[in-house]
Amino acid sequence: MSHIESSKNAALTRRKFLGSAVATTAGLTIAPGVLLFRAAQAKPAAQAVTSKVRWGLLIDNTKCSTGCDDCVTACKTVHKLEGHNRPETDVQWIRKLTVTDKQTGHVMSLPMMCQHCGNPPCVDVCPTGASFKRADGIVLVDRHICIGCRYCMMACPYKARSFEHEVVHDQSVSAPRGKGTVESCTLCVYRVDHGKIPACVEACNEAKHGAMLFGDLNDPESEISKRLTKYGGKEIRADLGLNTGVRYQGI
Amino acid sequence: MSVGLYKKKLSLLLAGLILTLPLSLFAEGILPTVPKAKAKATAEYGCVNPVADMRRNHMKYLLHHRDQTMHKGIRTKKYSLAKCIACHVTPDKNGKYPKFGDNDFFCSSCHNYAAVTIDCFQCHNDNPKSAYSSLNLNRQSLPEGHEKFTSNDTLPSGDAK
Amino acid sequence: MKKANFVEIEGRSAGYLALLGFLGIFILAALGSSFYMEHNGHHVTGMTNQIVWGMPHVFAVFLIVAASGALNIASISSVFNKTAYKPLARLSGLLAISLLLGGLMVLVLDLGRPDRLIIAMTRYNFRSIFAWNMILYNGFFLIVGIYLWTMMQRSLNKYTHYAGFAAFIWRLTLTTGTGSIFGFLVARQAYDSAIMAPMFVIMSFSFGLAIFLLVLLAAYNWTHRPLGDVIFNTLKNLLGVFVAAVLYFVIVQHLTNIYMAKDSGVEAFILLNGGIYTKLFWIGQILLGSLVPLALLYHPTWGKSRTLVGVAAMLVIIGGMAQMYVIIIGGQAYPLSLFPGMEVQSSFFDGVVNHYAPSLSEIMLGLGGMATAMITVVLAIKILRFLPESLADEVVDPQHS
């Protein structure tokens, strides 16, 4: 290659490098929110999940307001959890709790969903093993082998699980659901496996509340781990020793 | 009855059965007509597996792969149920999609004939369009800032369509 | 002692056929209810996401607990070598199998996916006490089947003691397992206790014997076979002991819970202000299920009347059902304590006492299970030799004049 061509090639590659550097910096500046909440790339589709990662949620209760239920609406929309106007039997994966301290009169509101425990009682009691904890910490119901005995619903201290009381139509691809099986918050496992964050967290961010944070609890450099180290985080019913994946601040 | 009479009845029965053999000429007409898929699965290797292999073993692939996806989070495209549906469930000339249970629904065309019950579609959506997109959602019902949210229900690579 | 002569009942009278028809109607109703619930989904029942186990489970758990208790009589004869009970051993084994059959039928038909029963029988999560119970229930059929076989085939009689012993250990394990279904649950304040398992064992003694006594009375009265006082009084007094024992366990359970501040809420709920649950506890379980039967059984004159003893056994059963209702449904009605000491409110019925109204289909399913248990006994005593021809005093105990 002649000297001029090689220098031209060198210029091209330099330009390319500079271009990509600018683009990266621009990306970093323009969309800090996205990167902050999900630093890791989606795992390759053919790769099994491992326990190197442990997914968790951090709820900052100081930013969660009583009247807001964006997270609940988002969950219902994305997973197409239709209601039948039968609140006692309708499915609910995430709900807002309003907690009043009788002594002080203090009122607070927080989202409650499956806590994705490290020692899940629902997994212990399931007779067929349909209720299981994935290697990356997400607790799921394998609805192919669920027989609908509802023992896991008896066992859950957080009332996280719902039984599908009626025939289901028009299911979302992110949540195949059917009559006669038990279900609960999947931590949006379908979205997470494809490199996204749970719908409730994304809705909370979109609406600029910033009360919910999703991340890898095993990674000390992740935003969630850093915040937990700095400010601490409480489990609901910590006395049960369940090592939940969902932690709360400000309760 | 006596042995002679027994033999006579048996030979009559055999003769009757042999006489029904010509009916097999009509067998072609009573086998199910399986609707054609939308296209070959990929440009490189055509279909997922050879037809004969799929006919014999599709249940094994499905059962094995669903455990892989459920328990290990392996979501490869090759045995993805959503992609099976996307290819095999095609609309008729009026744009109407068949429902599970109809004879022109791909899985049902054989399963109705063989009288083998499957419960996949009690949970999984049998319609490729509805399963992937939430475009027919009423956007007015979503809180402010959520509008673009509905499109997150598609496969990220966009190759569902 | 003259060996008891076992003879099949004739089973051709109009009364017998009417009984079969009566039980058959309940079974058909149960099958119909089960189809209705399974086809439409459980929203047609009274069970919800708050009260997940309802009337079917009350019936099913009662029948399963009674099943293991019904084997008691046979165990006493084979394991503890009380020869007076030996003639009753076959009926005891039969009743045990039948009650378990009825209970399991209700449990299985109430599942959200009963078509997946094969999965439940082949895939086990051994950390689950429920999975262990499935093995225990199936094994119970097998072991009691073998036990009955050793009793009914003369050449195998020498093994009866060993089969009886195996059955005895198995049934204690089974009832412990059933009680632990509740006792192992950390989530609910009404259950989380080690006393559930032994309490269920004692409840099984009481309910099983009450049902056994009623079946015995019915079978011998309606086939006009003699039932002597010796055997009758022995069983009656034994029932009294068991009823008292259950009362003891209930007192210990509630006293302990009352003492602990964290459980004072659920105890106040059951004992004082739980509405239907409080009524069922005091009137159903304590008064009708324990105190009145004790009075009837041990009273010097009342205890001699077979009718009143039968009434006492019936009341024990009713009290047992009330106890199951309070345990299973009352335990779920009381809200989960997510934030101890605080008031919680949500769109998912947190922090409130959960409402439950049993639907007709659930009740029919439960009654159908009881009918299945009874029809199995009624048919079996006609087909095979389960019932001794006579339980008169001379037959049972020649020394007694």
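Everything numeric in this text was worked out from a predicted model, so none of it was measured. Values below: all heavy atoms of this structure, side chains included; hydrogens, waters and symmetry mates excluded.
- Of the possible donor and acceptor atoms, one in the side chain of N49(C) sits under 3.5 Å from a partner among the backbone N and O of D90(A).
- With a threshold of 4.5 angstrom between heavy atoms, L185(C) approaches chain A through side-chain atoms but not through N, CA, C or O.
- Annotation: side chain of F130(C) is not in contact with side chain of V125(A) (no heavy-atom distance under 4.5 Å).
- Of the two parts of N133(C), neither the backbone nor the side chain holds a non-hydrogen atom closer than 4.5 Å to a non-hydrogen atom of chain A.
- M342(C) pairs with exactly one of D101(A), L97(A), V107(A) by the side chain to side chain contact (heavy atoms under 4.5 Å, CB included) rule, that one being D101(A).
- Only the side chain of L240(A) has a heavy atom closer than 4.5 Å to any heavy atom of chain C.
- Screening E164(A), E88(A), H165(A) against H43(C) for a side chain to side chain contact (heavy atoms under 4.5 Å, CB included) leaves a single residue, H165(A).
- In this structure, chain A has no heavy atom under 4.5 Å from any part of I51(C).
- Between the E343(C) side chain and the K102(A) main chain, no donor and acceptor come within less than 3.5 Å of each other.
- Within the 4.5 Å cutoff, no side-chain heavy atoms of K262(C) are placed close to those of D239(A).
- Interface residue Q332(C): only side-chain heavy atoms are found under 4.5 Å from chain A.
- For M37(C), no part sits under 4.5 Å from any heavy atom of chain A, backbone or side chain.
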Going through the distances and angles, do M112(A) and V344(C) end up as a side-chain contact (heavy atoms from CB on, under 4.5 Å)? CA-CA 12 Å; M112(A) 168 60 68; V344(C) 179; over 6 Å; no
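- For F349(C), the parts sitting under 4.5 Å from any heavy atom of chain A are the backbone and the side chain alike.
- Contacts between Y191(C) and chain A at a heavy-atom distance below 4.5 Å involve the side chain alone, from C-beta outward.
- Contact annotation for R150(A): both backbone and side-chain heavy atoms come within less than 4.5 Å of a heavy atom of chain C.
- Only the side chain of H57(C) has a heavy atom closer than 4.5 Å to any heavy atom of chain A.
- Contact of L111(C) with chain A is made through backbone and side chain together, with heavy-atom distances under 4.5 Å.
- The side-chain hydrogen bond (donor to acceptor under 3.5 Å, both in side chains) test with S347(C) singles out one residue from R95(A), K96(A), Q92(A), and that residue is Q92(A).
- Enclosure of atom CH2 in W170(C) by more than 12 non-hydrogen atoms of other residues, nucleotides or ligands within 6.0 angstrom is indicated.
- Looking at V72(A), there are no atoms closer than 4.5 Å to chain C (heavy atoms on both sides), in backbone or side chain.
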